[in-house]
Each structure stands twice: as structure tokens, then as C-alpha cells.
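Each chain gets a letter, A, B and so on, in the order the sequences are listed, and its residues count up from 1.
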Amino acid sequence: MKKLSEFLQNEILVLDGAMGTNLAALGFEGVPEAALFEAEDLVFSIHRSFLEAGSQAVETNTFGANRIKLKKFGLDKQVAELNEKAVKIARRAVGDKAFVFGSIGPTGLIPEPVGSVSFDFLYDVFSEQAAALARAGVDALILETFIDIQEARIAALAALETTDLPVFVTLTFNDDLKTDISATTPEAAVGILEPLGVAGVGANCSLGPSMFVRIVDRMGKVAEKNTVFQPNAGLPEIVEGATVYKASPEEYREFALRAIEAGAGILGGCCGSKPEHIAAIRDAVKDKRPLKLKKRNYFYLCTPSEMKVFDLQRSDFLVIGERLNPTNRKDLEEDLRSGAFEVCLKEAQMQENAGAHILDVNTSLALLDETETLKALVGKLAYSVSLPLSIDTTSRDALEAALKIYPGRPLINSINAKEVSCEEFLKLARRFGAPFIALALSDKGVAKKAEEKVEVLKTILKAAEDKGFSRYDLLFDPVVLSAATTSVKETLKAVKELSREGFYTVFGLSNVSHGLPERKYYNRAFAVLAAADGLSGAIIDPLDQDLIKLVKAARFLVKLTTELLETEEQEKQDTNTIQRSLTLEEELYHAIISGQKEKSERIVADLLKEWEPYAIISQIISPAMNEVGQLFQNKKIFLPQVLLAAEAVKKAFGVLRPRLLSSGGQAFKARVILATVEGDVHDIGKNIVGTVLEASGYEVIDLGVDVSPVEIVEAVERYNPKVVGLSCLMTTTLPSLEKTVKLLKSSYNGLVVAIGGAVVTEAVKEAYGADIYAKDAMGFLEILERELKN
Amino acid sequence: LAKLFPPLEPEFDLEEAKNVLGIPKTAPIDETTAIVLGELRETALKLIEPKGIYELVEVEVKENGVAILTASKSYEIASRRLAGRLKGSSSAYIFAVTIGKNLEEKVNDYFQKGDYHRALVLDAVGSAFAEGLAESAQKFLSSLDTKYELTPRFSPGYGDLELKVQEIFFEILDPQKIGIQLTKSYMMLPRKSVTAISGRILTEKTK
């Protein structure tokens with residue numbers, strides 16, 4: 001058999017399916033790992049059946065075989081024994097016909113900063129299991145089903161540093177396409193884990209194969225290494241007391257084809273998947289080769305949740321907020337010494353609101369334990385702001401502690417060319433996959449002449465490239481000294497030279513005005529000069545909006561004279577490439593989210609040539625409206641954009657509905673009657689609810705405003721709806737709401753009565769006996785969908 | 001008898017528009033909505049018919065409320081918040097303004113046609129003009145007698161000032177004359193109407 005690395009270069013690897021599900025199906029009760037002792041034959045035969053179905057690699061039955069999980073069964077002293085046994089059974093089952101992957105799952109403990117378990121403790125737990133699997137001779141390790149990016153990071157580092165094996169990591173995403181604990185997006189998962197050195201990132205478990213497509217696409221757009229996917233066979237459903245999964249082998253086949261197009265290299269199944277599913281994947285991948293993925297040619301950082309890509313070649317001027325630095329700041333100093341971090345949080349928030357892209361964090365103070373303080377503050381900030389952090393320290397230990405605790409991909413500020421520190425700091429940056437600011441400082445001191453600055457910086461770049469960094473991981477700081485004592489012309493010259501060569505440049509701006517009166521004017525003037533020379537960003541005070549506007553204006557003016565045409569041309573090309581690479585489905589998805597009516601209508605008409613109308617609704621329109629709901633909930637968009645999206649969907653439904661009817665199906669999910677109660681003539685809120693419901697496939701009958709209880713009952717008789725939604729905006733009309741709700745609930749069994757409006761609350765719902773209350777249309781839709789499912 | 005305002009030019013209260021659109025103060029308006037808003041603001045100027053009516057009344061401010069005295073009758077209003085607002089006043093203006101019903105009808109048209117976004121934005125524009133009209137009305141009133149300053153206006157439904165107080169305002173002003181009706185549940189029709197009370201305080205100089 002070929003070596004794994006060779007195999008993966010030329011072929012798609014088919015993994016196996018679920019161990020737990022199949023053990024249960026064969027009648028084994030208890031934790032799957034116990035089967036290693038109690039039912040070795042079953043484990044063997046499951047491996048065998050997957051091999052026969054076409055798996056080219058099987059996973060050891062060791063998902064929960066770590067010290068923490070095993071302790072519950074009194075087996076925590078037998079980690080090595082269990083893992084070795086599992087590998088032996090797998091190997092015996094597949095011989096040399098398939099690879100054996102050592103499976104490692106989460107511990108169930110939550111590490112800092114969200115939980116309280118330390119990095120080092122978990123690192124030991126994972127090292128122990130990884131070492132045992134490696135000793136027993138697995139071909140690779142697969143870390144799977146992680147829902148906290150921090151635990152995944154720790155497990156990956158432990159596996160990589162304890163063994164020489166390729167390490168794959170998969171996370172589990174919820175239907176918002178985020179992981180549960182750290183809310184990590186598919187992009188961030190790739191952006192954080194790949195730089196650690198893992199052989200591939202992906203997803204497992206989660207939703208069925210049809211929803212998986214979105215994760216696959218999003219990971220594929222940013223991944224450098226082929227991705228790994230093992231979907232559930234749909235969401236589990238309980239049928240006659242047993243858990244069943246409904247995705248068909250055919251769905252797996254289609255999923256596999258789509259995933260390969262998006263860059264997947266390893267495919268298999270998770271909960272609910274059986275040999276027939278694996279056989280379907282194997283059938284799909286034959287003759288297929290893994291896509292060659294592009295290297296990331298941009299600078300990016302990650303918060304625990306999101307990947308932030310900065311286009312420093314063109315549009316973005318990187319604003320690195322400098323205010324979290326206790327130098328000359330009494331209030332911050334006290335805050336850091338007390339460990340309260342209240343001032344720090346406020347400063348962080350202010351800078352975020354002012355539009356900073358990155359927050360620089362510096363806690364260096366005399367007589368303060370920097371390692372502890374920096375670690376604590378970075379941990380605190382990790383989830384309190386949605387900006388990535390820049391770790392600003394000259395202490396190796398403090399840097400290491402901060403890199404351990406930050407569950408993302410931060411920036412290191414900074415690494416210089418001094419012999420004693422350069423190698424050490426680069427090692428840390430490499431270990432945690434963090435990009436850094438390179439500083440024009442060497443054993444000879446700060447480089448003075450422009451040529452010296454460039455030379456020192458290139459020395460650092462060379463050393464970094466030797467360690468596997470790319471030029472996109474470095475920001476070059478030529479160092480600014482006070483204009484009162486040195487000429488700043490050399491710094492400007494260095495900026496110009498470096499940016500001409502396509503390097504990213506940043507510096508700490510305020511040094512320039514040290515010792516000068518009215519410093520802000522010197523800061524601003526210098527920033528403008530450097531921006532004109534191509535400076536990519538600066539460590540500055542984001543609250544100085546004038547400074548930022550001046551820099552932007554300066555950059556615009558310079559572009560206007562020398563590069564604007566070129567840039568526009570480039571942008572046009574970029575948009576074209578993007579449009580070419582979008583499939584029709586993706587275009588519809590985006591058209592809905594951005595509220596493009598005519599486009600949505602047109603694409604649906606096109607899609608109908610190949611797609612079933614139901615599939616368009618369930619696989620494109622509903623997920624798009626879900627995303628709109630998410631964006632609304634997270635305050636990324638507001639009501640007007642929701643309505644634009646709803647209009648686009650309405651147009652789409654206009655095209656779909658005749659087809660739904662002609663194919664004998666139902667044109668609507670359910671019929672809903674809406675009314676504003678008697679005495680109340682507000683209709684906007686009710687109309688918005690109606691709009692959103694229609695956009696989600698409901699038939700809405702709107703009775704208008706000031707509708708009496710009797711009229712509503714008459715309408716229910718006539719239309720026989722599933723749901724009645726009542727709107728009430730004023731305290732004076734609450735009695736009429738009460739009367740209507742009670743009349744409806746006492747007359748109709750099974751009718752869902754929903755209420756809303758400015759004066760309605762959960763308590764009102766309880767008191768009147770209504771079924772649903774929501775504070776806005778999107779919330780209503782969410783609850784209604786859930787309610788109707790039950 | 002209540003007097004009619006001279007022709008008033010309504011201001012445009014953008015904050016109110018954002019409020020109706022559900023956009024927080026600190027968030028920007030998205031580009032599409034901003035463009036539509038600008039366009040519908042022009043449309044609205046052709047649709048609205050600003051009208052207003054006001055009356056000067058004596059007030060007696062107490063701890064838990066305010067007594068309003070007109071030439072013919074006195075009314076007791078229980079509201080600590082209103083008492084707080086009118087503190088230091090012995091007289092006050094009560095007024096009602098409306099931008100008329102055309103704009104609301106246009107909003108309904110949009111909704112019927114499925115132009116939800118435009119419907120919402122025009123409704124917000126209407127609210128912004130109604131609030132802006134109340135602002136212009138107040139400015140006019142404060143120009144009437146420079147010996148006085150006016151306290152910020154307060155409307156039924158704010159804080160603890162019950163909507164029921166509309167009955168009193170309607171009795172004093174009789175705003176049916178400018179086309180505003182009050183429903184049994186104390187809502188005004190057209191909806192884009194505002195009633196308010198604003199106290200008069202002698203300026204420092206005058207004292």
C-alpha cells in the first residue's frame with residue numbers, strides 16, 4: 001500500500017462511517033470503547049464491513065479513550081492499553097488494504113478562557129492518548145467533533161508535538177454554521193488550525209449532508225490543505241422509540257461530488273452512516289482527484305469566532321488601536337494592578353466602536369507580573385470584543401502565555417533581529433501559527449538609514465521563511481523615532497521602498513512627536529506623509545478620527561494620481577472571477593440576502609430547469625432567510641434589509657408557486673390569519689410579520705386593523721388556518737387582545753394563537769393563554785417553525 | 001378658543017425615522033435604504049398637509065400631578081413625570097399637529113403592491129415629519145412671547161402620562177377642526193399626528 005501522504009496527493013480518501021451507531025444496531029449497549037473488551041468481534045466486524053463497502057481508512061474505536069472520559073468508567077489508568085488494543089483490532093480487520101486513523105474526541109471539559117481548565121492540563125491528556133495511538137502504529141490521527149476552538153487548538157498542538165503523524169481536525173457546527181462553545185465559523189476554524197501545522201481541517205457530525213454543503217464551500221474558499229468531511233446521516237429522529245437517521249446513500253453520493261469540487265480530500269460518515277453510505281461515497285469519488293488549493297495570499301487574523309481578512313494591497317488601512325497600554329495612563333495602570341480590567345474593557349470597546357481593526361494589548365509595568373497579567377487580560381478580551389488582538393510584549397514568557405490562552409490567530413508585536421530573541425520568538429510564532437510585526441532593530445540597535453532598515457527587516461523575513469512563514473504573515477515596522485532628535489526621512493524612505501516591493505508596512509505613530517508641542521498635529525502630518533508613501537497601517541489612537549480621515553484622504557489622492565485606474569481594472573477583474581466562481585445556487589442565496597428582487601426571480605426561473613421547486617426552497621431559500629434572521633439578530637442588518645430580502649423571496653415564490661401546485665404539492669407551509677385587535681389601528685408591525693411569513697412560505701390572510709373578536713372567529717371558520725397572529729400596540733387595547741385570545745382558545749382546539757406588539761410580553765402571553773409571543777417578526781418566525789415541527 | 005397655527009414647515013427628525021426603521025442610533029443606515037429614504041422624503045413633501053392647533057392654559061403643578069385650568073373648566077391630571085416636566089410653570093401650551101392622511105394611504109398602497117421596503121421607509125419618513133412638525137410648532141410657540149422659555153414637550157403615552165389624557169386635550173383643542181379624530185382606544189387618526197403639552201417658564205432675565 002502507498003504511503004498516506006502520496007495517496008492523498010492523487011486520490012480522494014474514503015473514510016469509514018459511524019462506530020457507535022453500528023455497535024448499537026448490532027445490539028451492543030454501553031459506551032463504544034467498552035466494546036474493545038466486551039465485544040471485540042463486533043468492533044472487528046464493523047471495521048470489516050466498512051472495508052468491504054469501500055473505506056480506504058478506518059478509525060479506531062477510541063473517540064472517548066482519553067483519561068478524562070475513561071475515568072467515568074474507572075478505566076483512566078488504561079488509556080494506553082485501550083488505545084493500543086483498538087489499533088490492533090482495526091489493523092487486524094483491514095490488514096494492509098486500508099489505513100488506520102487514530103480517533104481522538106473532546107474531553108468534555110472546557111478550557112480557559114471560557115472554562116477554567118488550563119491549557120497545560122488538557123495538553124497532557126491529549127498527548128497521552130496521541131502517544132498511545134502512535135506507539136500502536138496508526139497512520140494518522142483524526143481529532144473530531146470539537147465544539148470549542150480552544151480545545152481543538154490544544155488537542156492539535158499536543159498531537160502534532162507528541163507524534164510525527166499527520167493530524168486532521170474536524171469540528172462540529174450547529175445550524176447557524178458556528179461551533180457551539182466558541183461560535184467559530186468554518187473560515188475561522190481553517191484560519192486558526194491550519195497554521196498550527198495540521199494536515200487538514202474539516203467538519204463532522206453536525207447536520208445532514210445537504211446542509212454540509214455550505215460548510216464545505218466556506219472552508220474551501222480559505223483552506224490551503226484539502227478538507228475533511230464526515231456528515232451525519234441527517235438529524236436524528238425518534239421513530240417508535242428508536243433513533244433513526246434519514247439521509248440516503250444517494251444524498252451522500254451527491255454530497256461527495258460537491259465536496260470534491262470545493263476542495264475536500266477526505267470523506268466519510270458520522271452518526272447514522274452505514275456501509276451503504278460509504279459505498280455511495282466510494283462510488284462518487286472514483287476517478288476523482290483532490291483539487292489543488294491556492295495558498296492564502298493575504299494577511300489575516302482570527303478572533304475565536306471569525307476570520308478577518310485584510311486587503312492591505314489596496315483598500316484597507318490597518319488601524320491597530322494603541323490605547324491598551326499603561327504608559328502614562330494612571331487609570332489603566334491601576335486597573336491592571338488591581339486585575340479588575342474594567343478600564344481595559346471600556347478602552348477596548350471604545351476602540352472597537354471607533355473602527356479599529358486590531359487591538360494592541362500591552363501590560364508592561366514595573367513591579368507587575370507581566371506573564372500573569374497579559375495572560376489574564378488577553379483571556380478576558382478574547383470574547384469581549386469582536387476584534388483580533390495584537391500581543392505587544394518583549395517578554396518571551398508573557399508572549400507564550402498569551403498565545404496559549406488566546407483561542408484565535410493573534411498578531412505578535414513584535415519580533416526583532418536581535419540574536420538572543422529572534423530565534424526564540426520566531427519559534428513561538430511558528431508553534432502557534434501567528435503572524436507578526438517585524439521590527440527594524442538588531443544587535444546594533446535601531447537601524448537608522450533606510451537601507452539598513454530594509455536590510456534588517458529582510459533578515460527577519462528570511463529567518464521566518466525558513467520556518468515556513470510566507471511574506472503575507474509579516475508586517476514590517478521600520479521604526480519611528482522622535483522627529484525632535486532624528487530625521488524621520490529615513491523611515492519614510494524605508495516605507496516607500498518596502499511598499500514598492502509589495503511588503504506590508506506599519507509603525508507606532510506617536511513616537512514621531514515625542515518631545516514636540518501639540519503632538520497630535522505632528523502625528524497627523526507624519527501619518528499623511530507615510531500614507532502617501534504606501535504605509536499599510538499604523539498603531540494609533542482610533543479615537544482620533546481626524547487622523548484616520550486624513551490618512552484615508554491622502555491614500556485616495558495618491559491612488560487618484562498614480563494607481564486608481566489600475567486598481568479599478570483589478571477590481572473589475574476580481575468581481576468577474578468571483579461571479580464566475582459562484583454557482584447559480586450561491587447567486588440566488590446572495591441575491592436574497594442582499595435583497596435583489598429581479599435577480600432572485602430570474603435565477604429561480606433558471607434553476608427550475610434542473611431543480612425541483614422543493615429543493616430550491618429547502619436548500620437555498622430557507623437557509624438564506626435563516627441567515628437573514630441571524631444577521632438581524634446579531635444586529636448586522638436591520639429591519640429595512642430584512643424587508644428587502646423578504647421582497648426578493650416573495651418574487652422567487654411567485655415563480656415557484658405554480659410549479660409547486662402543478663407537481664401536486666402544497667403551495668404553502670401553513671395558512672396564517674393576521675389581524676390587529678379591535679380598537680387598534682397600527683398596521684406596520686403586523687404587515688412586517690405578514691411579509692416575513694410570506695417570504696418563508698406561509699399563506700397569509702390579513703384581516704387588517706381594528707378587527708373585532710367576532711370578525712376574527714368568522715375568518716377562522718371560513719379559512720380554517722393553522723395559526724392566528726394578533727397584533728396589539730397600546731395598553732388601552734390589551735383588553736380586546738385578551739378577549740380575542742380567550743375566545744379563540746376556548747373555541748378551537750389545536751389552533752395556534754400568536755401575539756405581539758409594543759405592549760405585549762411573555763407575561764401577557766401566559767396570562768391570556770396564547771401559544772406564542774415574540775418581540776419581532778424574525779423571532780416569531782423562528783418560534784413558529786419550531787412549534788409547527790412538533 | 002384654540003387657535004390655528006400659521007403655515008408651518010415641518011423639520012425632519014432623522015432620529016425618529018431610524019427609530020421606526022429599527023436602526024440603533026449608533027448604526028449607519030444601509031445604502032439601499034438611505035437612497036430610498038432620500039427619494040421618499042421628496043415624495044412625502046408632496047403628500048403631507050401640515051396643520052396644527054394650540055391653546056394657552058393655566059397650570060397648577062402639584063407633587064403628583066397637574067391641574068389644567070381653561071376659561072371654562074378645570075382638569076386634574078395625575079402624572080409625576082408631567083409634574084416634573086412642568087415644574088416652575090404657571091401656564092402651558094397644549095397643541096396638536098398632523099401631517100394628514102395622504103402619506104398613510106400611500107404607505108398602504110406600497111404594502112398592497114408588495115413594496116414592503118418602500119412601505120416601511122415611507123412610514124418612517126412620515127413619523128420623522130410628524131415629530132419634526134411638532135418641533136416646528138414648539139419653536140413657533142416659543143417665539144410668541146420672549147419673556148418665556150418653553151419646557152420640552154410631553155405627550156400622552158409618555159412615561160406615566162396615560163393615553164386617556166387625550167380626551168382632555170381633545171376637549172380643550174377640538175382638533176377635529178384640523179381633521180384629527182380620536183378613537184375609543186385613544187388613538188389618533190391620521191396616525192401621523194402628535195399632541196403635546198409644553199410649560200412656560202419666565203426667563204432668568206425677566207425674573
Trainee: Establish, yes or no, whether the cationic atom of B:Lys106 lies under 6.0 Å from the six-membered ring centre of B:Tyr110 and within 45° of the ring axis.
Mentor: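 The answer is yes; both the distance and angle limits are met.
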Trainee: Examine whether an atom of A:Glu694 lies under 4.5 Å from a heavy atom of chain B, and if so say whether it belongs to the side chain, the backbone or both; otherwise answer neither.
Mentor: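 The answer is the side chain of A:Glu694.
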Trainee: Is it true that B:Thr195 and B:Gln166 share a donor-acceptor pair across their side chains at a distance under 3.5 Å?
Mentor: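 The answer is yes; a qualifying pair exists.
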Trainee: Answer yes when B:Arg80 and B:Asp160 have at least one side-chain N-carboxylate O distance shorter than 4.0 Å, and no when they do not.
Mentor: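 No.
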Trainee: Distance alone, cut at 3.5 Å: any donor-acceptor contact between the side chains of A:His682 and A:Ser727?
Mentor: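 Absent: no donor and acceptor within the cut-off.
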Trainee: Would you mind checking which part of A:Lys597 comes under 4.5 Å of any heavy atom in chain B, side chain (CB onward), backbone (N, CA, C, O), both or neither?
Mentor: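 Contact with chain B involves the side chain of A:Lys597 alone.
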Trainee: Under 4.5 Å, counting heavy-atom pairs only, tell me which of A:Lys651, A:Lys635, A:Glu678, A:Lys650 racks up the most with chain B.
Mentor: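 Top count of heavy-atom pairs under 4.5 Å with chain B: A:Lys650.
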Trainee: Between B:Glu167 and B:Lys164, is there a salt bridge with N-O shorter than 4.0 Å?
Mentor: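 Yes, B:Lys164 and B:Glu167 are salt-bridged.
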Trainee: Tell me which of these, A:Gly595, A:Gly679, A:Ser594, has more heavy-atom pairs under 4.5 Å with chain B than the rest.
Mentor: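 Top count of heavy-atom pairs under 4.5 Å with chain B: A:Gly679.
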Trainee: With a 4.5 angstrom heavy-atom cut-off, is it the side chain or the backbone of A:Asp706 that approaches chain B, or both, or neither?
Mentor: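 Contact with chain B is absent: no heavy atom of A:Asp706 under 4.5 Å.
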Trainee: Which bit of B:Asn108 is near chain A, if near means a heavy-atom gap under 4.5 Å: side chain, backbone, both or neither?
Mentor: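 Only the side chain of B:Asn108 comes within 4.5 Å of chain A.
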Trainee: Measuring heavy-atom distances to chain A, does B:Val36 have an atom under 4.5 Å in its side chain, in its backbone, in both, or in neither?
Mentor: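 Looking at B:Val36, nothing touches chain A.
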Trainee: Check whether B:Phe111 gets within reach of chain A through its side chain, its backbone, both or neither, counting any heavy atom under 4.5 Å.
Mentor: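 The side chain, not the backbone.
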Trainee: Determine whether the side chains of A:Glu627 and A:Tyr589 contain a donor N or O and an acceptor N or O closer than 3.5 Å.
Mentor: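 Per modelled atom types, A:Glu627 and A:Tyr589 side chains form a pair under 3.5 Å.
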Trainee: Give, as side chain, backbone, both or neither, the part of B:Ile29 having an atom under 4.5 angstrom from any heavy atom of chain A.
Mentor: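 Nothing of B:Ile29, per the 4.5 Å heavy-atom cut-off to chain A.
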Trainee: If you tally heavy-atom pairs under 4.5 Å against chain A, which of B:Thr33, B:Thr26, B:Asp30, B:Val20 wins?
Mentor: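 Of B:Thr33, B:Thr26, B:Asp30, B:Val20, B:Asp30 has the most heavy-atom pairs under 4.5 Å with chain A.
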Trainee: So for B:Ile23, is it side chain, backbone, both, or neither that comes closer than 4.5 Å to the heavy atoms of chain A?
Mentor: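 Contact with chain A involves both backbone and side-chain atoms of B:Ile23.
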Trainee: Are B:Glu162 and B:Tyr186 close enough that a side-chain donor and a side-chain acceptor fall under 3.5 Å?
Mentor: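 Short answer, no.
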